[in-house]
S.K.: 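One structure coming up, written as structure tokens, with questions to follow.
Residue numbering restarts at 1 for every chain, and letters A, B, ... go by the order of the sequence lines.
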2 protein chains.
Amino acid sequence: MTCITQSSEEKIKEAAKSVFLKKGYAGTTARDIAEAASMNIALTNYYFRSKEKLFFEIFRDLFSYYCKNTLKIFEKPISIREKLIELIEEDFQMMKKEPSLVLFLMTEIHRDPERLLPELSRFKELLHVTLSNQIEEEIINGRMRNISVEHLMPLIMGSLQFVFVGKNMNMKMYNASEEEFNAFAENHKNLIISMITEYLFISETVS
Amino acid sequence: MTCITQSSEEKIKEAAKSVFLKKGYAGTTARDIAEAASMNIALTNYYFRSKEKLFFEIFRDLFSYYCKNTLKIFEKPISIREKLIELIEEDFQMMKKEPSLVLFLMTEIHRDPERLLPELSRFKELLHVTLSNQIEEEIINGRMRNISVEHLMPLIMGSLQFVFVGKNMNMKMYNASEEEFNAFAENHKNLIISMITEYLFISETVS
DNA sequence: GCATATTTTAAACAAATGTTTAAAATGTTT
DNA sequence: AAACATTTTAAACATTTGTTTAAAATATGC
């Protein structure tokens with residue numbers, strides 16, 4: 001990334017990542033990747049054996065990247081309220097950097113959910129360990145509305161990520177520039193923080 | 001659909017719709033479509049001239065289908081609150097019937113937003129005519145929180161549709177059957193109605 | 001029932017696809 | 001510098017792709 005000289009293998013992987021993110025697996029050709037990396041076509045298979053192997057490697061990377069920050073936040077010794085706000089902020093920054101990521105992951109998982117079952121169940125478990133108990137405690141003590149993690153996560157992720165999933169559509173629809181869209185997305189993020197916290201947490205503590 | 005004898009043209013279109021919804025444009029081959037329709041490969045081009053033409057026709061149909069019900073609700077002479085609830089209910093039913101629709105539309109629009117610009121701007125205008133003024137009035141009269149249509153729509157659509165966009169992922173993750181997923185989605189829908197209305201509308205009228 | 005149009009078929013087409021090959025270029029070791 | 005391993009190249013490979021063709025099958029009008 002910041003290296004002055006990048007190995008051919010890395011160059012191909014970077015290029016492939018960017019093309020796969022934009023066009024998806026089926027929409028990407030080996031020649032697309034080679035061209036994006038300014039390399040010979042044969043090198044893709046020389047380093048990664050096949051288009052599919054290369055894709056899997058990139059998919060795993062992106063999926064880990066997507067989950068890592070979330071889990072790191074959930075493991076922190078802070079309140080649920082703080083966790084959720086940090087999660088939204090973190091997720092927002094990530095999508096600002098890589099707006100195609102969520103749609104890419106969703107599409108590829110949708111097309112063939114089998115091929116990453118192991119990754120998914122691991123994520124699910126960590127999610128429960130680091131969040132479920134804490135939420136239950138909060139609910140019992142009457143500080144939080146009764147809700148399960150299974151509903152909470154898609155609620156937050158959905159409202160936040162949807163704006164980026166439809167980024168190109170929104171930009172087209174409102175004739176918006178990159179900056180205008182980012183400003184819009186930032187407002188939307190703040191709206192979601194406000195709505196989620198106000199809805200979830202029983203008042204008395206109004207930040 | 002309910003016809004006993006379906007014309008070849010219709011059979012191909014039906015089959016193509018189902019395959020495109022599942023695999024997307026790039027992931028679908030002409031032979032996939034022919035096989036799904038149990039017809040000769042040449043017939044696709046005989047009736048629709050090309051794969052792309054067939055795709056456009058189906059895309060327009062699906063996009064109209066997606067917008068039509070929404071606009072119909074917005075044109076009704078009812079309150080904002082009622083409109084939003086009806087919208088969510090309607091949207092929920094639609095996605096129950098066609099769970100792949102939203103992800104399909106999002107993906108294809110994302111890959112090439114140019115090709116349906118006219119459709120989009122028309123939708124945007126109708127959205128504003130039938131909703132913006134009514135919302136502004138509601139806000140001025142202090143019955144509703146200050147929010148713009150541009151934020152309101154993705155807020156509602158996002159939280160609701162995200163569950164279906166990740167349907168296959170969720171089913172895999174929680175080892176859920178079709179019925180279990182639908183029950184989960186229904187709960188989620190009710191949660192969203194509760195959250196949205198409680199957040200948006202200034203109390204005194206607690207349904 | 002014959003002539004005409006329409007629909008369907010099997011086969012082929014050129015172009016694009018993922019992949020491999022074998023030689024050339026470059027790097028490394030001694 | 002010689003011998004070796006590694007990397008890169010141009011070219012070709014076999015499949016798959018979307019599309020077309022020309023003949024066969026079926027339907028339609030008179």
S.K.: Would you give the length of the straight line joining atom CZ of Arg111(B) to atom NZ of Lys23(A), rounded to the nearest 0.5 angstrom?
M.R.: 10.0 Å
S.K.: Does the ring of Phe201(B) carry Arg145(B) above it, NZ/CZ under 6.0 angstrom from centre and within 45° of its axis?
M.R.: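 Not satisfied by the 6.0 Å and 45° rule.
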S.K.: Answer with base, sugar-phosphate or nothing: what part of the nucleic acid does Ser50(A) contact at a heavy-atom distance below 4.0 Å?
M.R.: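 Sugar-phosphate contact only.
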S.K.: Mark yes or no: Lys53(B) above the aromatic ring of Phe48(B), with NZ or CZ under 6.0 Å from the six-membered ring centre and no more than 45 degrees from the axis.
M.R.: no
S.K.: Hey, where does DNA chain C pair up into stems, meaning at least three consecutive Watson-Crick or G-U pairs with distances under 3.5 Å?
M.R.: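 Runs of three or more consecutive pairs: C:1-12 with D:19-30, C:14-30 with D:1-17.
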S.K.: Rounded to whole Å, please give me the gap between CG in Leu43(A) and C1' in dT6(D).
M.R.: 12 Å
S.K.: Between atom OH of Tyr199(A) and atom CE of Met144(A), what is the distance when rounded to the nearest 0.5 Å?
M.R.: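 Rounded to the nearest 0.5 Å, the OH-CE separation comes out at 10.5 Å.
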S.K.: Is there a donor-acceptor pair closer than 3.5 Å between any side-chain N or O of Glu75(A) and the backbone N or O of Thr70(A)?
M.R.: no
S.K.: Is the positively charged end of Lys96(A) above the ring of Phe181(A), judged by distance under 6.0 angstrom from the centroid and angle within 45° of the axis?
M.R.: no
S.K.: Taking the six-membered ring for Trp, are Tyr25(B) and Phe55(B) closer than 6.0 Å centroid to centroid?
M.R.: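 Yes - the distance between ring centres of Tyr25(B) and Phe55(B) falls below the 6.0 Å cut-off.
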S.K.: What range of DNA chain C does chain A touch, first nucleotide to last, counting atoms under 4.0 Å from its heavy atoms?
M.R.: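 For DNA chain C, the relevant span reads dT17(C) to dT21(C).
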S.K.: NA contact type, Phe48(A), heavy-atom cut-off 4.0 Å: base, sugar-phosphate, or nothing?
M.R.: nothing
S.K.: Could you tell me if the ring centre of Phe162(A) sits under 6.0 Å from that of Phe162(B)?
M.R.: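 For Phe162(A) and Phe162(B), the ring centres are not under 6.0 Å apart.
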S.K.: Which sits closer to the 5' end of DNA chain C, Ile41(A) or Tyr46(B), going by the nucleotide each is nearest to?
M.R.: Tyr46(B)
S.K.: Distance check needed: dG18(D) P versus Asn45(B) CG, whole Å only.
M.R.: 9 Å
S.K.: So do Tyr47(A) and Glu10(A) actually touch side chain to side chain, heavy atoms under 4.5 Å?
M.R.: no
S.K.: Examine His188(B) together with Phe92(B) and report whether their ring centres are nearer than 6.0 Å.
M.R.: no
S.K.: Within the 4.0 Å heavy-atom criterion, would you say Ser8(B) contacts the bases, only the backbone, or no part of the nucleic acid?
M.R.: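 Answer is sugar-phosphate: Ser8(B) comes under 4.0 Å of backbone atoms only.
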S.K.: Of all the heavy-atom pairs spanning Ile88(A) and Leu160(A), show the shortest one and how long it is.
M.R.: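 Closest approach of Ile88(A) to Leu160(A), heavy atoms only: O-CD2, 3.5 Å.
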S.K.: In this structure, how many angstroms lie between the P atom of dT17(D) and the CD atom of Glu52(B), rounded?
M.R.: 17 Å
S.K.: Check each residue of residues 18-40 of chain B for a non-hydrogen atom within less than 4.0 Å of any atom in DNA chain C, then write out the ones that pass by number, or none.
M.R.: Arg31(B), Asn40(B)
